[in-house]
Each structure stands twice: as structure tokens, then as C-alpha cells.
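All residue numbers refer to positions in the sequence shown, counting from 1. Note that ligands are numbered from 1 as they come in the structure, with each ligand's atoms numbered from 1 the same way.
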Amino acid sequence: MNIVEKLLNERNLPDDELKNLLETDFYDKELFEKADFVRKKYYSNKVFVRGLIEFSNYCKNNCFYCGIRAQNSKVNRYRLTKDEILKCCENGYGLGFRTFVLQSGEDPFFTDKIMVEIIKEIREKYVDCAITLSVGEKSVNTYKKFREAGANRFLLRHETANEEHYAKLHPPEMSLENRKNCLFELKKLGFQVGSGFMVGSPFQTTENLIEDLRFLQKLQPSMIGIGPFISHKDTPFSAKKSGTVALTLRLVAILRLFFPKSLIPATTALGTIAPDGRERGLCAGANVLMPNLSPVKVRKEYLLYDNKICTGEEAAECKFCLERRVKNAGYEIVIDKGDAIN
Ligand code: SAM
Ligand code: FES
């Protein structure tokens with residue numbers, strides 16, 4: 001039995017074999033085939049879509065890699081109003097979206113009270129939809145209020161599970177311990193939790209990636225989002241090399257075999273470093289896409305990294321473009337909330 005078969009059967013591998021798998025392209029073909037076999041076993045050829053609403057690009061934090069970090073004075077900052085957010089949902093619902101993802105920088109303007117009002121109103125209007133939040137690290141009390149207001153899911157990438165590596169990507173006031181705690185607390189509150197990391201982030205080693213997988217095994221999230229790190233010209237990491245398509249796809253496939261029932265997006269970042277990146281992500285085991293529902297007028301201001309795709313198209317255009325791409329890759333977008341099956 002080779003290591004891909006072993007991973008398929010045991011849903012796990014020891015560190016040395018995992019290192020081997022991560023560092024060579026020798027197993028790629030078989031790895032992608034097995035990952036696709038497993039995704040089809042649980043999800044057939046279905047692809048779930050989530051409508052992403054980037055409602056504020058203000059952020060109080062200063063992650064070294066992120067284009068909307070507080071110290072980037074070149075960003076034109078914006079906030080969507082509650083009515084604008086609701087308009088995005090209305091538009092998205094009409095296009096067949098049954099999950100709305102509200103994402104922003106860590107923006108103190110959006111107090112608990114304001115967020116709760118927004119969540120409640122979406123919940124009342126769209127009873128059949130999932131509300132996903134991606135608004136960063138908050139207190140347990142705040143998360144509880146969001147949950148009670150009707151939010152069901154929360155995306156918070158752990159970014160890296162290694163303390164030393166975390167400290168190279170973030171300023172000292174941010175801590176991996178807090179980020180991990182947030183994830184476990186969110187789970188306790190009954191959120192379907194999504195975590196993940198960037199592939200090829202500066203200073204990342206294979207050992208770091210193995211730690212990421214071990215952390216995910218502990219957390220057992222419903223969703224796992226990974227995408228290549230892509231440098232942004234106005235950040236301290238402007239001169240750092242971006243992550244590669246090859247390693248990102250390999251990791252998508254490995255994640256599918258480690259976590260057969262999980263929801264794994266083919267991310268916009270993957271589509272940014274290769275024109276067919278998202279389709280290749282689907283063929284390597286991904287089963288989710290997160291097209292943008294934000295108003296076109298603000299799209300170009302939510303730039304986490306350089307050359308981000310889909311910043312000029314209306315939501316409807318993105319949806320039709322994706323539908324065509326997904327079909328050509330042999331899969332099918334479905335109108336479904338797309339809950340985790342585990
Ligand atoms: N503020 C929230 C948070 O921290 O979870 C949500 C927004 S944050 C910008 C969303 C994700 O973008 C981060 O978790 C990070 O992994 C990703 N990201 C930021 N900068 C990036 C870059 N330069 N390349 C690729 N992904 C990046
Ligand atoms: Fe905003 Fe990292 S820069 S959370």
C-alpha cells in the first residue's frame with residue numbers, strides 16, 4: 001500500500017510520510033484522483049456557493065501580510081450601511097444564494113449592537129439561509145450575542161498553528177493562543193466553524209504545514225479554507241514570494257482525504273494566481289465557491305492582496321461565469337444552504 005492509499009484508508013498519516021507527500025509532486029496524480037473520489041462519495045458533483053459580502057475594509061489590526069491592515073494609509077476605507085448589506089442579500093437570494101458570508105476587517109464601528117441588528121434582520125428576512133460571519137477575534141460574550149441573533153457559521157482562519165511562525169506574520173499584540181481559543185469557543189457556542197491557513201506564507205516550513213493539519217485534526221472544523229499567500233505591494237511583505245498553485249492543490253487534496261466530509265472552498269486567491277485555479281481546486285477535492293456579492297463600487301477597495309480577480313463584475317456576472325466554469329470542470333452549482341454533513 002503506498003502513502004496515498006494509506007491516507008485514503010486511515011484518514012491520517014505519520015509526520016514523516018506526510019512530509020514526503022507534501023514535498024514531492026510524485027503522488028499528485030493519484031492524490032487528486034483519490035480526493036475527487038472521496039468528495040464524490042459524500043457530495044457527488046455538487047458545488048455549494050456562498051455569497052460573500054465584504055462590508056467594511058476598516059481594520060484595527062496590522063497582520064504583516066494583509067492589504068487592509070490599519071497602517072496601510074493608501075487604502076480608501078469604506079463601510080456598507082445595513083441597507084446596503086440587505087440589498088446585497090436580496091440580490092444574492094434572487095441569484096440562488098442560500099448562504100451569506102459577512103466579512104470585514106476588525107472594525108470597532110460595528111459594535112455588538114449594530115451587528116446584532118444586522119444579523120437579526122437578515123435572519124428574519126431569509127429564514128432558509130445560513131448566515132456566516134467572518135469578522136475576526138471577539139469576546140465569547142460577543143460571539144454568543146451573534147449566535148443568539150441568528151448567525152450559524154463563523155470563519156476564522158488560524159493562519160498558522162506554530163507560535164514562532166505566527167509571531168513572524170503578526171505584530172506582538174496579536175496572539176495565536178487567543179485565535180485558537182476563539183475557534184474552540186465558537187464551536188462550543190454551536191457555530192459551524194471554518195478555519196484554515198495561507199499556503200506559502202513567508203517563513204512557512206513543511207513542518208509548519210504538518211502542525212496546521214494536526215491542529216485541524218484537534219479542532220475538527222466543518223469548513224477548511226486555504227489559499228495561496230499573495231503579496232500586497234503596500235505591506236511589509238511586499239517583496240515576499242507568493243504561494244504556489246501546486247502546493248495549494250496538493251494541500252486541498254490532502255485535506256479532503258484527512259477530512260472527507262468537510263466543506264473546502266476553491267478560493268479566490270487560488271483563482272488569482274492561476275486563471276483556472278478554482279476549477280483545478282474543485283478537481284483536487286474542493287466543493288465550495290465564494291463569489292462576491294459586494295457592490296461593485298467597493299470591490300476594488302477590499303484588496304487583501306495584489307491582482308485580486310472578480311473586482312469589476314456584478315454579482316450576476318460572477319455567478320454566470322462561475323456556473324460555466326464549474327460545468328466545464330464536470331461539477332454542478334446547486335441552490336442549497338450547503339450545511340456540513342459531519
Ligand atoms: N478580519 C477577519 C479575520 O481576520 O478573520 C476576516 C478578514 S481577513 C482579511 C480574511 C483572510 O484573508 C485572512 O484570514 C487571511 O488568511 C486572508 N489574507 C489576508 N491577506 C492575505 C494575502 N496577502 N494573501 C492571501 N490571503 C490573505
Ligand atoms: Fe485585519 Fe489582519 S489586518 S485582521
Distances for all N or O pairs of ligand 1 and the protein under 3.5 Å?
{"residue": "ligand 1", "atom": "1 (N)", "partner": "Ser104", "partner atom": "O", "Å": "3.0"}
{"residue": "ligand 1", "atom": "4 (O)", "partner": "Arg179", "partner atom": "NH2", "Å": "3.2"}
{"residue": "ligand 1", "atom": "5 (O)", "partner": "Arg179", "partner atom": "NH2", "Å": "3.2"}
{"residue": "ligand 1", "atom": "14 (O)", "partner": "Glu159", "partner atom": "OE2", "Å": "2.5"}
{"residue": "ligand 1", "atom": "16 (O)", "partner": "Arg157", "partner atom": "NH1", "Å": "3.0"}
{"residue": "ligand 1", "atom": "16 (O)", "partner": "Glu159", "partner atom": "OE1", "Å": "2.8"}
{"residue": "ligand 1", "atom": "16 (O)", "partner": "Glu159", "partner atom": "OE2", "Å": "3.4"}
{"residue": "ligand 1", "atom": "23 (N)", "partner": "Tyr65", "partner atom": "O", "Å": "2.9"}
{"residue": "ligand 1", "atom": "23 (N)", "partner": "Ile230", "partner atom": "O", "Å": "2.8"}
{"residue": "ligand 1", "atom": "23 (N)", "partner": "Leu304", "partner atom": "O", "Å": "3.3"}
{"residue": "ligand 1", "atom": "24 (N)", "partner": "Ile230", "partner atom": "N", "Å": "3.1"}
{"residue": "ligand 1", "atom": "24 (N)", "partner": "Ile230", "partner atom": "O", "Å": "3.4"}

Donor on one side chain, acceptor on other, Asp112 and Tyr143, under 3.5 Å: no
Under 3.5 Å side-chain donor-acceptor pair for Asn72 and Arg77: no
Total protein N/O/S atoms whose distance from atom 2 (Fe) of ligand 2 is less than 2.8 Å: 1
When you check the gap from the basic side-chain N to the acidic O, do [X] and [Y] get nearer than 4.0 Å?
| X | Y | value |
| --- | --- | --- |
| Glu164 | Lys168 | no |
| Arg79 | Asp107 | yes |
| Glu23 | Lys19 | yes |

Chi angles and distances behind the ring-ring contact (aromatic ring centres under 6.0 Å, His included) call for Phe237, His232: CA-CA 7 Å; Phe237 286 168; His232 184 292; over 10 Å; no
Nonpolar side-chain network containing Tyr58, other nodes, edges under 4.5 Å: none
Test ring-ring contact (aromatic ring centres under 6.0 Å, His included) applied to Tyr305 - qualifying residues, sequence neighbours left out: none
Glu5 side chain to Asn2 backbone, donor-acceptor under 3.5 Å: yes
